[in-house]
Amino acid sequence: MNGVGPSPRIRLVATPIGNLDDLTVRAAAALRSADVVACEDTRRTGLLLRHLGIRVPRLVVLNDHTERSVAERLVADAAEGLQVVVVSDAGMPLVSDPGHVLVRVAIEAGIRLESIPGPSALLAALVVSGLPADRFVFEGFLPRKGAERRGRLAAVAAEPRTTVLYEAPHRLVATIGDLSAVCGASRSVALARELTKLNEEVWRGTLGEAVEHVAESAPRGEYVVVLGGAPAVAATTDEIRRRVDERSGEGLSTSALARAVAEELGVPRREVYDLVVSTSIEDRTGGAAGEVIGDAVAPPSADGGHHDGVG
């Protein structure tokens, strides 16, 4: 048995997604000190350990079928002072991979969880996609069929943020076709495959072009699909007016009200400002010219502009 830190712990360790040189120093050290390694496939993890020259006393299969049955045992191992490490076949454990049940059991038992980050197909594809990466949604694998798949596709189509999905090569053609149908052929997309490997490829275009691309060349390797967000739908004048009416009792100045509604609906502030002013004039003066300020009506400035300088 190896020595332990100040308290029992389970370490969640990221492993390479293709290039073995991407394994971090901390990850290698954690594997070298492990008494137990929980993994999806002992053969794949065994290859990694042999590459590192590591002999781990015990490998435990942790997948969708075994997780509930082995979680209690792994937590007990950690509580007894064994060094327990959790890995997936590639990337970070729990990200579209097993491990959540184990983590919940460990938390309930008061076992410390330590994350050792590293390679991630999700992030690797996102940053080279050319699509906005400041706000994004990770959908993992879509359901394979039925109402659940249709519902998720509809949600993805309406999502304004960049969406990242995983897909197997034999299902890529169907998924790209479905995405094109629900999102529209003009939506931007990037298809990343074999990330960090010698045959790494990132294809960029529209969903309509992607349908032709995947039909012409047989998909190989695991794919990460990075999909552009849904375009903003411009609010109608009635919608703007309704929101202005709803917020008019908040005591905001004309400029502040216009700014708040514009940011909420994603429309130009000038458009909202002019509507607020015209509505106030109609309501309070029966259509007299000038801007309403409090209970008074101020005439336009000499140059025809408004006094608060809204641009």
Side-chain angles (χ1 to χ4, degrees), residues 126 129-139 142 147-165 176 178-190 204-211 225-301 303-311:
L126 177 64
S129 68
L131 293 166
D134 53 338
R135 299 176 69 236
F136 65 92
V137 176
F138 177 58
E139 283 286 339
L142 291 172
E148 188 180 2
R149 180 177 176 88
R150 291 192 295 273
R152 287 276 291 280
L153 283 167
V156 168
E159 174 57 59
R161 295 166 291 186
T162 300
T163 298
V164 183
L165 307 103
I176 295 301
D178 288 346
L179 287 171
S180 181
V182 299
C183 298
S186 62
R187 186 80 67 90
S188 296
V189 68
R204 305 173 185 87
T206 65
L207 280 171
E209 294 166 341
V211 169
V225 179
V226 186
L227 181 68
V233 178
T236 65
T237 300
D238 286 343
E239 289 172 327
I240 298 172
R241 189 184 301 275
R242 186 183 312 114
R243 195 63 188 125
V244 166
D245 290 343
E246 291 171 353
R247 301 200 61 169
S248 60
E250 297 179 9
L252 299 173
S253 68
T254 300
S255 181
L257 176 59
R259 183 182 297 107
V261 173
E263 291 176 354
E264 183 177 337
L265 298 180
V267 296
R269 184 159 64 105
R270 167 60 70 182
E271 181 179 351
V272 183
Y273 184 91
D274 290 344
L275 189 147
V276 172
V277 170
S278 64
T279 299
S280 298
I281 292 172
E282 292 169 3
D283 290 347
R284 302 191 185 195
T285 70
E291 175 189 344
V292 174
I293 303 178
D295 292 326
V297 178
S301 59
D303 63 359
H306 293 288
H307 291 285
D308 69 354
V310 177

Next item on the list: With sequence neighbours excluded, tell me which residues meet salt bridge (Lys or Arg N to Asp or Glu O under 4.0 Å) with Arg187.
Entry: none
Item checked: Nearest heavy atoms of Ser186 and Thr206, plus distance in Å -> O-CG2, 3.9 Å
Note to self: Can you confirm whether Thr162 sits close enough to Leu126 that some side-chain heavy atom of one is under 4.5 Å from a side-chain heavy atom of the other?
What the structure shows: yes
Next item on the list: Answer yes or no: is there a side-chain heavy-atom contact under 4.5 Å between Val272 and Leu265?
Entry: no
Note to self: Working to the nearest 0.5 angstrom, can you tell me the gap between Leu153 CG and Leu142 CG?
What the structure shows: 5.5 Å
Item checked: Spacing of CZ belonging to Phe138 relative to CG belonging to Leu165, to within rounding of 0.5 Å -> 8.0 Å
Notebook entry, point to check: Checking salt bridge (charged side-chain N to carboxylate O under 4.0 Å, His left out) for the pair Asp274/Arg270: CA distance, chi angles, key distance, verdict?
Noted result: CA-CA 6 Å; Asp274 290 344; Arg270 167 60 70 182; 3.2 Å; yes
Next item on the list: Could you pull out the closest heavy-atom pair between Leu131 and Gly228, with the gap in Å?
Entry: CD1-N, 3.7 Å
Note to self: Using the side chain to side chain contact (heavy atoms under 4.5 Å, CB included) criterion, which residues pair with Arg161? Sequence neighbours excluded.
What the structure shows: Arg135, Val137, Glu159
Check: Is there side-chain contact between Val156 and Val182, with at least one heavy-atom pair below 4.5 Å?
Finding: no
Margin query: Please give me the minimum heavy-atom distance between Ala230 and Ala157, naming the atom from each residue.
Written below: CB-O, 3.3 Å
Note to self: If I compare all heavy atoms of Glu139 with all of Thr163, which pair ends up nearest, and what's the gap?
What the structure shows: CG-CG2, 3.6 Å
Checklist line | pair Val211-Leu207: side-chain heavy atoms closer than 4.5 Å | finding: no
Next item on the list: Could you tell me whether the side chain of Asp178 reaches within less than 4.5 Å of the side chain of Arg149, counting heavy atoms only?
Entry: yes
Next item on the list: Check the pair Leu257, Arg247 against side-chain contact (heavy atoms from CB on, under 4.5 Å), reporting the backbone distance first and the verdict last.
Entry: CA-CA 7 Å; Leu257 176 59; Arg247 301 200 61 169; 3.7 Å; yes
Next item on the list: Output, in order, the C-alpha distance, side-chain angles, deciding distance and verdict of side-chain contact (heavy atoms from CB on, under 4.5 Å) for Ser188 and Arg204.
Entry: CA-CA 8 Å; Ser188 296; Arg204 305 173 185 87; over 6 Å; no
Margin query: Quick one: does any side-chain atom of Arg243 pair with a main-chain N or O of Glu264 as donor and acceptor, under 3.5 Å?
Written below: no
Checklist line | Partner residues of Glu239 under the side chain to side chain contact (heavy atoms under 4.5 Å, CB included) criterion, sequence neighbours left out | finding: Ala235, Thr236, Arg242
